[in-house]
Amino acid sequence: MKCLLHRAGGLPAIALTFLTTACLAAGPADHVKPLIGTDGHGHVFPGATLPFGMMQLSPDTRDETWDGCSGYHYSDGSIMGFSHNHLSGTGCGDLGNILLMPTVGTLRLDAGGKPGEGYRSAFSHDQEEARPGYYRVMLTDPKVNVELTSTTRTGLHRYTFPQADDAHVVLDLWHGISNRPTDSQVTVADDRTLTGFRRSDGWGGDKIFYFVIEFSRPFDGAGVARDHKPAEGKEAQGKNVQAHVDFRTKAGEVILARVALSTVSVEGARKNLRAEMPGWDFDATAAAAFTAWDRALSPIQVESKDENFKQTFYSSVYHTLVAPTVLNDVDGQVRGPDGKVHTVKGFDYYTELSFWDTFRAEHPLLTLTQPQRVNDFVKTCLAHFQFANPDNRYLPVWANGGKETDCMIGNHSIPVIVDAYLKGFRDWDAGAALNAMVDSTNMNRQFLDSYRDAGYVIQKKDEQSAAKTLEYAFDDICIARFARAMGKTELADRYEKRAQNWQNVFDTETGFVRSRNEKGEWVLPFDPKAIDMNCYTEANAWHYEFFVPHNVPGLIGKLGGDAKFTAKLDEMFDPAQKIPNQLQDITGVIGMYAHGNEPCHHVAYLYNYAGAAWKTQALVRKIADTLYNNSPSGICGNDDCGQTSAWYVFSALGFYPVDPADGVYVIGSPLADSATITLDPAHYKGGKFTVVAKDNSPQNVYIQSATLNGQPYAKSYITHNQIVAGGTLELQMGPNPCKTWGTAAGDRPGNPVPTSVTAR
């Protein structure tokens, strides 16, 4: 047992604020550091949110630049204010809606470029605290202590003011992260309440968020503004609108503001507020948020003597639970990709669906850690398809704020849906899902027409053709698996054949995946090391060389067999190799490997397919140990809504889904001494699955032998069915490679790889 004494600490001018003094058993949430990934290129935000919450109440230190995609960067020394929705780990910036900022002194309605020029304030990291569901910072200039917490759809601010006759809270609807409003409106509804909306045209196009803001006591004055200048009346509308509420405060006076959002209406926001934040108890709300996080994190329990590892691990799990985010109001209303209001019944509708990233590991992880949400993710995809405009209707590719961005390539909601179905999550219309998949791949989008007609995406200009051909082929095999499981043999055969299109872009002469023109000729010039955005997606030929997760044995054959395949992998990871032209997304580099870019995420695990599992074990440890840590720069590249963190979570457990829709996990080298997954009994009957790494240490990275439920286990992979049946996988670790474990053809993944798993 330990006593959690949470307080606002280091505030000589005001009384210390205690969140809780209850003595609680240490849980997973105690190890989470939300500031991990806020420095470097991690692009996460540190503020208050709940698992998958609509509300992400967080400080904004900047509203532009690539490293400002989440609105916050650890290197900054000032805060513009606190807005209510944020992207987590993305490579594009957006949201940052409905900014509030407490100030003292002369009323300023513009943030300014630096402290002293506007309402922006300096701050110090030693006066900053972040933990699950709670954020605190001391604003240096107005000497206001700010605390934030949240529920799923609402946020609660607690401001502790100094004595002042001129304290204010500014609402700035001009503010947004990499977006500006096309329209906005604010009304001073009464002496405690502001209402309105902000409409913007950022990433994904037109989005609107309505709000209700209520204060804990009547303000002593209020006003509205246009273009950062005071205006007459109690209401203002336009592209550049602000409001302010004014207070005379005593030293240490606490004023709270509770805020709710809705994509539908002010009334929708008010319903959310009444349902989730009916009172003003900040401490109870923060404690409930922390408990919700502890519960969400608890399906995985790890044992390790290394607290740094535990912080890195549980912070990674935390980041896999930040997105996707709920978008519908408590009454089921939501604004769809068509811009119209719809009502969903019996499920939550999600957005921030970064499928190009998260289909690889995050969604497979969530089938184990958050199975109660999996059907809702699928239902969201199907609803998105139905809500979309009929002349441009396909399954979601990358949904932001409920709108389709068409960002990245492929249509990787398909493997997410198929993985769910094959794992027994079927509380939705499978026939409608199959039709949506076929319709999506029949759309003439992202050069799908040439892929269908020629068997590869024809390279003309900026098509990213080699990458698209590979990713379409993977989507096709997923459709084939789904159709076969449903007894649609003819359709399954057709898509299975199409899934072999990856071979049409494999050049046997150079040994690389390459682009071809309409004559079938290889596109020149060709440098496999050079980042080529014309033929690949944020990548070079090396990064896409191994993206045939559905047919690794076939790729091994193309490259000349096990020895040559292994040598090719060795060459990729050779640190002497240098990428000649860096791209900002190419981070976490080891030779030609770039861990900060998702197409590489499965590659370290491919040695197992060639009978060299010991090489995977060494590499997984190297990547985990050198590219992740518990500092603010502890994520080597964009976290991409949790995918980069999901790689770490799986690798720490000791296995990874190379093919994320085949129910197989390839074994690596566990970071934890032991890890237990507690399986939700509503979805799985196995109870618990534990991985034990005997004699685990930084030196003992190699598996010497293994047992599964006490029986010798020679396979270098494990299936989803084996995991959810419960039991114990015990791995004997040692300092030297064991070059006999997992080498036999029948003990490798892919020989053959199951294409379906047993339903629950």
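Since the structure is predicted, the reported quantities are computational estimates derived from the model, not experimental observations.
In terms of modelled atom types and a separation under 3.5 Å, the side chain of Ser315 and the main chain of Thr312 share no donor-acceptor contact. With hydrogens and angles disregarded, no donor-acceptor distance shorter than 3.5 Å links the side chain of Ser645 to the backbone of Gly642. For the pair Asp640 (side chain) and Thr90 (backbone), a donor-acceptor distance under 3.5 Å is absent.
Scored by the side-chain contact (heavy atoms from CB on, under 4.5 Å) test, Lys403 finds Asp206, Lys207 as partners (sequence neighbours excluded). For Tyr350, the ring pair (Phe, Tyr, Trp, His ring centres under 6.0 Å) partners at least two apart in sequence or on another chain are Phe377. Residues satisfying the ring pair (Phe, Tyr, Trp, His ring centres under 6.0 Å) test with Tyr74, not counting sequence neighbours, are His125. Every residue two or more places apart in sequence or in another chain that forms a salt bridge (charged side-chain N to carboxylate O under 4.0 Å, His left out) with Asp493 is listed here: Arg484. For Trp741, there are no ring pair (Phe, Tyr, Trp, His ring centres under 6.0 Å) partners at least two apart in sequence or on another chain. Remark: Trp398 engages Trp203 in a ring pair (Phe, Tyr, Trp, His ring centres under 6.0 Å) (not counting sequence neighbours).
Figure legend: cation-pi geometry between Lys739 and Tyr702 absent, as NZ or CZ is not positioned both under 6.0 Å from the six-membered ring centre and within 45° of its axis.
Among the candidates Pro737, Pro670, Ser669, the single residue satisfying the side-chain contact (heavy atoms from CB on, under 4.5 Å) test with Val701 is Ser669.
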Inset, instruction - Check the pair Asp662, Arg481 against salt bridge (charged side-chain N to carboxylate O under 4.0 Å, His left out), reporting the backbone distance first and the verdict last. - result: CA-CA 9 Å; Asp662 74 345; Arg481 293 169 183 170; 5.1 Å; no
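In this structure, CG on Asn400 lies 12.5 Å from CG on Asp406, to the nearest 0.5 angstrom.
Between Phe355 and His363, the gap from one ring centroid to the other is short of 6.0 Å. For Trp542 and Tyr593, the distance between ring centers is not under 6.0 angstrom.
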